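Here is the structure we will look at.
Residue numbering restarts at 1 for every chain, and letters A, B, ... go by the order of the sequence lines. A quick note: this is a predicted structure, and the numbers were derived from the prediction, not measured.
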Amino acid sequence: MKFYVTWRTSLRAIMKNRKRSILTMIGIVIGIASVITIMALGRGFQKQTIKSLTATDSDEVSVTVDFTPDDSNLLTSNAVIFQETDLQQIETIEGVKSAEYVKEDIDSAYKDVLIRGKKESKQIDFVSSTNKNPTIGRDLTQEDQDIHNKVVIIDSDTAKNLFGSSKNALNRAFELDGQLFTIVGIYPAAKLASIFSLSESNVYMPRTTYEDYFKEKQATSSVTVTIENGYTPNKVTSKVVKRLQSKGTMRNAGKYQVLDLSLLTDGVGRILSTLTYFISAIAGISLFIAGVGVMNMMYISVSERTHEIGIRRAMGATERSIKLQFLLEGVTLTLIGGVIGYILGIALASLVGHFLKIPISVDFFTIALAGGVSTAIGLIFSVMPASSAAKKDLIDILR
Amino acid sequence: MNTLQNVNKYYKTDEESLHVLNNIDLQIEKGEFVAVMGPSGSGKSTLINLIGFIDRKFEGTYLFEGESLINSSDDKLSKIRNQSVGFVFQNFSLIENNTVYENVELPLLYNGFGFGKTRKKVLSVLEKVGIRDKAKKHPKQLSGGQQQRVAIARALVNSPKFIIADEPTGALDTGTSTEIMELFQELNRTEGVTIILVTHNPEMIQYCSRLISIRDGQIIEDKELNT
Ligand SMILES: Nc1ncnc2c1ncn2[C@@H]1O[C@H](COP(=O)(O)OP(=O)(O)O)[C@@H](O)[C@H]1O
Ligand SMILES: [Mg+2]
């Protein structure tokens with residue numbers, strides 16, 4: 001029998017045993033659909049998170065190297081922390097594309113705040129106007145901006161951490177890099193939208209005030225190091241820090257450190273892809289179970305159709321063509337199941353993505369995965385039933 | 001055409017061994033219409049399954065057109081079953097969820113025909129057995145006699161060298177049985193098809209040209225019939 005004829009025969013058998021065919025497919029459909037949903041959402045989520053964490057859209061990773069002096073007075077002095085020679089030093093390191101002072105027009109920064117004797121990094125936004133509607137005290141005003149008022153508003157979490165409660169915090173002093181600011185308002189802390197969203201700031205300060213007290217000093221206290229494509233940010237960064245630690249101008253006055261979002265991105269990206277793979281592994285297990293389901297259905301099919309197999313053998317079917325027929329039935333079923341599962345998965349991912357505002361990501365990998373996995377399952381789990389169909393002794397099944 | 005020499009067959013169950021075929025010597029020629037008669041359990045089915053290359057676990061010699069096929073590959077035996085033997089069974093053995101047309105087409109597909117090339121042959125054999133109008137029906141929609149005609153059409157479609165029929169009328173009423181036997185006789189006379197037919201109904205042997213009687217696995221009688 002020609003291959004095409006065998007295949008058509010398999011298709012015919014699938015169509016004529018519709019109920020059983022559908023039952024066989026369900027497991028695969030669900031398995032593939034869940035894998036595709038997870039992959040599409042996971043990858044979309046990963047891309048989105050990384051994009052939102054990296055300020056630049058480019059693939060280049062940049063790392064900010066900070067200097068933390070042992071004596072905090074150093075920062076308030078006009079000392080130049082990173083000098084031109086330091087930058088040149090950094091640029092000689094392999095994998096470093098450029099080293100520059102941190103650009104000035106930043107809107108926010110992380111600064112260490114002493115909370116119960118411990119330093120905690122808080123995000124501080126420098127704003128020209130706010131609309132935070134503090135529950136206690138007042139918002140920042142245009143007047144604050146105009147007179148470069150040394151005031152801040154902080155969120156209720158930070159207030160609680162610092163002074164025990166939001167009420168206590170009002171009109172107290174807030175220390176930042178040795179400068180004292182008056183807390184004039186406390187606004188409710190944002191509930192974290194997602195564990196990875198970093199957009200909510202803990203402290204707001206008038207931009208003009210910030211420019212007075214921090215701008216100049218900060219100019220030389222941190223450096224942005226851009227890493228060349230193809231280099232691992234972690235490795236290059238640690239080389240930079242090591243070099244600075246041994247040759248940096250200020251090496252005896254404090255510590256060079258990396259405080260950086262890209263590294264975080266690195267880690268978050270890794271966590272996310274680990275998460276995706278982990279969930280995919282679970283989905284893989286469900287696919288395996290679906291495969292066993294296929295095998296079970298194929299065995300049932302073979303035993304139900306023993307008589308048919310006998311007739312076919314008597315009519316001249318070889319063992320090989322019987323085996324091929326059942327293999328093709330299995331593969332065709334799982335492949336159809338895979339296609340349906342893929343469509344269902346993408347639809348489901350789009351739906352979920354729509355509500356969670358995550359763009360879904362469909363790449364060749366997921367398509368290849370759906371097709372490959374379902375074909376493989378069809379093949380692997382049909383081989384044994386198909387062989388058992390072919391191996392049946394003709395004389396026994398015709399009796 | 002089919003030569004059996006000193007053929008023995010045993011079924012071994014647990015400790016006892018059943019001697020189903022005992023020293024069978026048999027020669028069947030082209031164009032014969034052989035009836036195999038005997039009581040139930042005498043070994044008739046065992047014998048013709050052996051002749052039809054369905055069973056090859058036996059002792060002795062079976063030559064088909066002078067050649068022993070006992071050690072042939074599955075491919076070769078399947079090809080012989082496909083091209084040289086036509087099977088008709090007591091229970092019709094049609095594939096239930098295939099149409100009459102698809103059932104009759106089956107041996108042609110295993111003979112290497114494509115789907116497009118079977119139509120003429122299938123319709124002509126259906127015509128020959130008188131059920132051309134039933135091509136699109138499913139076996140369940142036909143009477144027993146019509147189903148057996150489908151099976152006969154299927155057995156004929158590859159123009160086999162011989163047909164083996166195991167109690168083809170066993171499940172049919174007398175009237176229908178007569179029609180089927182007349183069909184066999186006509187095929188034998190006008191087309192020269194060799195037929196080996198098992199029956200335990202003595203009324204059926206009047207259509208045949210030779211009678212082989214079996215009892216307890218032994219041939220007790222082998223005679224020509226003049227019809
Ligand atoms: N696969 C088998 N295993 C054991 N005994 C069998 C088997 N097939 C047939 N027999 C026995 O062999 C004998 C002959 O069977 P069979 O050829 O079917 O008889 P008939 O067709 O003449 O009624 C019977 O006694 C039957 O029980
Ligand atoms: Mg019998």
With a 4.5 Å cut-off on side-chain heavy atoms, are B:Lys57 and A:Asp393 touching? yes

B:Asp133 atom CG: more than 12 heavy-atom contacts under 6.0 Å: yes

About how many Å separate CE of A:Met15 and CG of B:Asn97, when rounded to the nearest 0.5 Å? 12.5 Å

Examine A:Arg312 relative to B:Tyr110 and say whether NZ or CZ is less than 6.0 Å from the centre of the six-membered ring and inside a 45° cone about the ring axis. no

Of all of B:Leu108, B:Asn98, B:Asn158, which one pairs up most often with chain A through heavy atoms under 4.5 Å apart? B:Asn98

B:Leu106 CG to A:Thr9 OG1 distance, which is reported to the nearest 0.5 Å: 7.5 Å

For B:Leu94, is it the side chain, the backbone, both, or neither that has a heavy atom closer than 4.5 Å to a heavy atom of chain A? backbone

B:Arg81 and A:Leu394: side chain to side chain contact (heavy atoms under 4.5 Å, CB included), yes or no, with the steps? CA-CA 12 Å; B:Arg81 275 199 296 272; A:Leu394 186 48; 3.5 Å; yes

Per-residue contact mode, B:Asn91 against chain A (heavy atom under 4.5 angstrom): side chain

Quick check on side chain to side chain contact (heavy atoms under 4.5 Å, CB included): which of B:Asn49, B:Asp166, B:Ile54 does A:Leu398 satisfy it with? B:Ile54

Quick one: of B:Glu102, B:Arg56, B:Arg154, who has the most non-hydrogen atom pairs under 4.5 Å with chain A? B:Glu102

Please check if atom NZ in B:Lys121 has more than 12 non-hydrogen atoms from other residues, nucleotides or ligands closer than 6.0 Å. no

Residue, of B:Pro107, B:Ser73, B:Ser45, B:Ser93, that accumulates the most heavy atom pairs under 4.5 Å with chain A: B:Ser93

Checking salt bridge (charged side-chain N to carboxylate O under 4.0 Å, His left out) for the pair A:Lys391/B:Asp74: CA distance, chi angles, key distance, verdict? CA-CA 11 Å; A:Lys391 283 279 169 313; B:Asp74 172 65; over 6 Å; no

Count the heavy atoms belonging to other residues, nucleotides or ligands that lie under 6.0 Å from CZ of A:Arg20, then report whether that count exceeds 12. yes

If you draw a 6.0 Å radius around OH in B:Tyr11, do more than 12 non-hydrogen atoms from other residues or ligands fall strictly inside? yes

Rounding to 0.5 Å, atoms CG (B:Asp75) and CD (A:Glu319) come to a distance of 8.5 Å

Over all atoms of both residues, closest heavy-atom pair of A:Ala317 and B:Ser78: O-OG, 3.5 Å

N/O donor-acceptor pair under 3.5 Å between B:Asp55 side chain and A:Ile395 backbone: no

A:Lys392, NZ: over 12 other non-hydrogen atoms inside 6.0 angstrom: yes

Take atom NE2 of A:His354 as the centre, draw a 6.0 Å sphere, and report whether it contains more than 12 heavy atoms from other residues, nucleotides or ligands. no

At what distance, to the nearest 0.5 angstrom, does CZ of B:Phe87 lie from CD1 of A:Ile311? 12.0 Å

Taking atom CZ as the centre, does A:Arg12 end up with more than 12 heavy-atom neighbours from other residues, nucleotides or ligands that are less than 6.0 angstrom away? yes

Once you round to the nearest 0.5 Å, how far does NZ of A:Lys16 lie from NE2 of B:His138? 4.5 Å

B:Asp216: partners by side chain to side chain contact (heavy atoms under 4.5 Å, CB included), with sequence neighbours left out: none

A:Val5 and B:Phe115: which non-hydrogen atoms are nearest, and at how many Å? CA-CE1, 3.7 Å

